[in-house]
Each structure stands twice: as structure tokens, then as C-alpha cells.
K.L.:
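Before I ask anything, here is the structure I am working with.
By convention here, the first residue in the shown sequence is residue 1. What you see below is based on every heavy atom in this structure, not just the backbone, and it leaves out hydrogens, waters and symmetry mates.
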Amino acid sequence: MGGTSTVTPVARSSFLLHVEKESGQRIMDCYQCGKCTAGCPAAASVDITPRQVMRAIQLGLVDEVLDSSMIWLCLSCQTCTARCPCLIDIARVMESLRLIASREGRAKEKDVALFHRLFLRSVEASGRLWELGLGGFYNLSSGHPLANVGLLPSLLMKGKLEVLPHQNKVTQAAVKRIFERASRLESK
């Protein structure tokens, strides 16, 4: 893996503490049983597994963690969290690592990071996900304008996609408050 870390040596030695603070999880409680990896649907597609991510954090291996594809390809399905005998919310750790990597400009899986941003922007704009808009914006923004376009007619005819975003003022207001709170917490 590698690359040059923008994390200072002091920060490198306290990487574990930084991740624990960001995620609210006790990483050192992990005793490497491997249940997180055994259940992970993304484990076969990544460079290091959830168990290896947890161990790398414990060892302060900043580059190996923040440059890994695991933190970007994690599905946030919560399987690792549900299986953890130490009650560590590993999915929350992965999300925290994505945030740390993003702040450092280390998004290895650029299209995944782009998808995350566009997904959140869609939810923030209408209070819920507008799949057709997300797909269109993602295709245009990622430089793959015609990706999966052949599926569109069938999905529209079967009613699987809404042509326009769903409008519900109550939901939009509630979601707006969530995003405002997240923004305030992020700026602290």
C-alpha cells in the first residue's frame, strides 16, 4: 500500500486514539477473532479485510489503513458489527476512517467517494434518495455517461424508478435538521 502520509509522526503514534475518538469505539478491545471478516460480503474484493484494518489501527499503520480499499468498499451492512463478540461497531469505524481519509485527500476509490457525496447530496436535497437522479449525476460526474443506460427503460416501465424526486415537506425538514446537526458536529 503506501504513499506518503500527511499524518505527522506525533499523529501517527496517536492514530489509534484519533480513530477511537472519531468513531466512539474501543479499537483495542478487538482480539482478532476474525468474525467480522468471515461475515463481510466485501472481504473478497478488498486489499485488506476488516480484521486486518482493526489490527492495523491498533499498530498505528496509518498508510495501510487510510490507503486501503476496504474503507471505501465497505457496504455499511453492519454484518461485522452484529458478529463482533466485543461489541465494537466496526461499520462505524469504517465510516470514521472514510471521513479521516477524505479530510486528508486520500480517497483511493475515487468513484466510491464520489458516489457517497452524490448519495448524501440527493438525500439532503429531497429528504430521501432519488435513484434516477443519483444514477444520472453519478454517470456524468464519474465520466461514464452511458453506464447502465440500457437498464433504464425496463426500470422505468416496471415502476422501479421515479422520474421526479419524491416531495414531502415534513421529511425534507426533518432530514435538513439532521444535515444541519451533522454539519455543526463536523465543524467542532
K.L.:
Determine whether M28 and I57 fall in the same hydrophobic cluster, where Ile, Leu, Val, Met, Phe, Trp and Tyr are linked whenever their side-chain heavy atoms lie under 4.5 Å apart.
P.N.:
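Yes; tracing contacts between hydrophobic side chains, which count when under 4.5 Å, links both residues.
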K.L.:
Please assess L132 against L152 for the test side-chain contact (heavy atoms from CB on, under 4.5 Å), listing each intermediate value before the final yes or no.
P.N.:
CA-CA 9 Å; L132 183 62; L152 194 57; 3.4 Å; yes
K.L.:
Can you name the nearest heavy-atom pair linking T171 to G127, along with the distance?
P.N.:
CG2-O, 3.4 Å
K.L.:
Could you check E20 against L16 for side-chain contact (heavy atoms from CB on, under 4.5 Å), going step by step and ending with a plain yes or no?
P.N.:
CA-CA 6 Å; E20 286 186 333; L16 167 70; 3.8 Å; yes
K.L.:
Do V93 and I27 come close enough that some side-chain heavy atom pair is under 4.5 Å?
P.N.:
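Answer yes - side chains close enough.
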K.L.:
For a quick test of reading the model, state the closest non-hydrogen atom pair linking A91 to T81 and the distance between them.
P.N.:
N-OG1, 3.2 Å
K.L.:
Of all heavy-atom pairs between L73 and S45, which one has the smallest distance, and what is that distance?
P.N.:
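Shortest heavy-atom separation between L73 and S45 comes out as CD1-O, 3.7 Å.
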K.L.:
Any side-chain heavy atom of V53 within less than 4.5 Å of one from E64?
P.N.:
no
K.L.:
Hey, could you give me the OG/CZ distance between S126 and R121, rounded to the nearest 0.5 Å?
P.N.:
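S126 OG to R121 CZ: 13.0 Å, rounded to 0.5 Å.
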K.L.:
Does the side chain of K35 reach to within under 4.5 Å of the side chain of C84, using non-hydrogen atoms?
P.N.:
no
K.L.:
Under 3.5 Å, is there a donor on one side chain and an acceptor on the other for D47 and S69?
P.N.:
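Side chains of D47 and S69: pair found under 3.5 Å.
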K.L.:
Any donor and acceptor pair, going by atom type alone, linking the side chain of N148 with main-chain N or O of L151 inside 3.5 Å?
P.N.:
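No.
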K.L.:
Rounded to the nearest 0.5 Å, how far does NE2 of H116 lie from CD of E95?
P.N.:
7.0 Å
K.L.:
Is any side-chain heavy atom of S23 closer than 4.5 Å to a side-chain heavy atom of D89?
P.N.:
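Result no, sub-4.5 Å side-chain heavy-atom pair not found.
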K.L.:
Do you reckon L134 sits in the same ILVMFWY cluster as L120, going by side-chain contacts under 4.5 Å, direct or chained?
P.N.:
yes
K.L.:
Hey, does the side chain of S96 reach the backbone of V19 with a donor-acceptor pair shorter than 3.5 angstrom?
P.N.:
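Looks like no, no N/O pair under 3.5 Å.
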K.L.:
Between the side chain of W130 and the main-chain N/O of E162, is any donor-acceptor distance below 3.5 Å?
P.N.:
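Side chain of W130 to backbone of E162, a donor-acceptor pair under 3.5 Å: yes, one is there.
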K.L.:
Donor-acceptor check, side chain of T79 to backbone of C40, threshold 3.5 angstrom: yes or no?
P.N.:
no
K.L.:
I want to check something: taking the side chain as every heavy atom from C-beta on, are M94 and S76 in contact at a cut-off of under 4.5 Å?
P.N.:
no
K.L.:
Are the side chain of T37 and the backbone of R51 linked by a donor-acceptor contact shorter than 3.5 Å?
P.N.:
yes
K.L.:
Going from CZ on R55 to OG1 on T49, what distance comes out if it is rounded to the nearest 0.5 angstrom?
P.N.:
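So the CZ of R55 and the OG1 of T49 are separated by 12.5 Å.
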K.L.:
Do the side chains of R181 and I178 get nearer than 4.5 Å, heavy atoms only?
P.N.:
no
K.L.:
Assigning hydrophobic clusters by single linkage (Ile, Leu, Val, Met, Phe, Trp, Tyr; side-chain heavy-atom cutoff under 4.5 Å), is L161 placed with V163?
P.N.:
yes
K.L.:
Take Y138 and D111 through the side-chain contact (heavy atoms from CB on, under 4.5 Å) test and state the conclusion after the steps.
P.N.:
CA-CA 9 Å; Y138 174 77; D111 285 349; 3.2 Å; yes
K.L.:
Work out which heavy atom in N139 is nearest to a heavy atom in A147; give both atom names and the distance.
P.N.:
ND2-O, 2.9 Å
K.L.:
I'd like to know if the side chain of E104 and the backbone of A101 have a donor-acceptor N/O pair within less than 3.5 Å.
P.N.:
no
K.L.:
Are F179 and F115 connected into the same hydrophobic cluster when the rule is that any two of I, L, V, M, F, W, Y join if their side-chain heavy atoms are below 4.5 Å apart?
P.N.:
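Yes; tracing contacts between hydrophobic side chains, which count when under 4.5 Å, links both residues.
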K.L.:
Side chains of I88 and M54, heavy atoms from C-beta outward: is any pair under 4.5 Å?
P.N.:
yes
K.L.:
Checking the side chain of Q25 only, and the main-chain atoms of I90 only, is there a donor and an acceptor separated by less than 3.5 Å?
P.N.:
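Between the backbone of I90 and the side chain of Q25 there is no qualifying donor-acceptor contact (under 3.5 Å).
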K.L.:
Determine, stepwise, if the pair E131 / K160 fulfils side-chain contact (heavy atoms from CB on, under 4.5 Å).
P.N.:
CA-CA 9 Å; E131 292 92 349; K160 300 291 183 180; over 6 Å; no
K.L.:
Which residues pass the side-chain hydrogen bond (donor to acceptor under 3.5 Å, both in side chains) test with R103, not counting sequence neighbours?
P.N.:
E22
K.L.:
Take atom CZ of R92 as the centre, draw a 6.0 Å sphere, and report whether it contains more than 12 heavy atoms from other residues, nucleotides or ligands.
P.N.:
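Not buried by this count: 12 neighbours or fewer within 6.0 Å.
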K.L.:
Does any N or O in the side chain of S102 come within less than 3.5 Å of the main-chain N or O of R98, such that one atom is a donor and the other an acceptor?
P.N.:
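Looks like yes, one N/O pair under 3.5 Å.
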K.L.:
Any heavy-atom pair between the side chains of N168 and Q172 that's under 4.5 Å?
P.N.:
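No. Closest side-chain heavy atoms not under 4.5 Å.
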K.L.:
Report the distance from atom CG of L114 to atom CZ of F119, rounding to the nearest 0.5 Å.
P.N.:
13.5 Å
K.L.:
If you look at every heavy atom in A38 and R83, which pair is closest and at what distance?
P.N.:
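It is CB-NH2, 4.0 Å.
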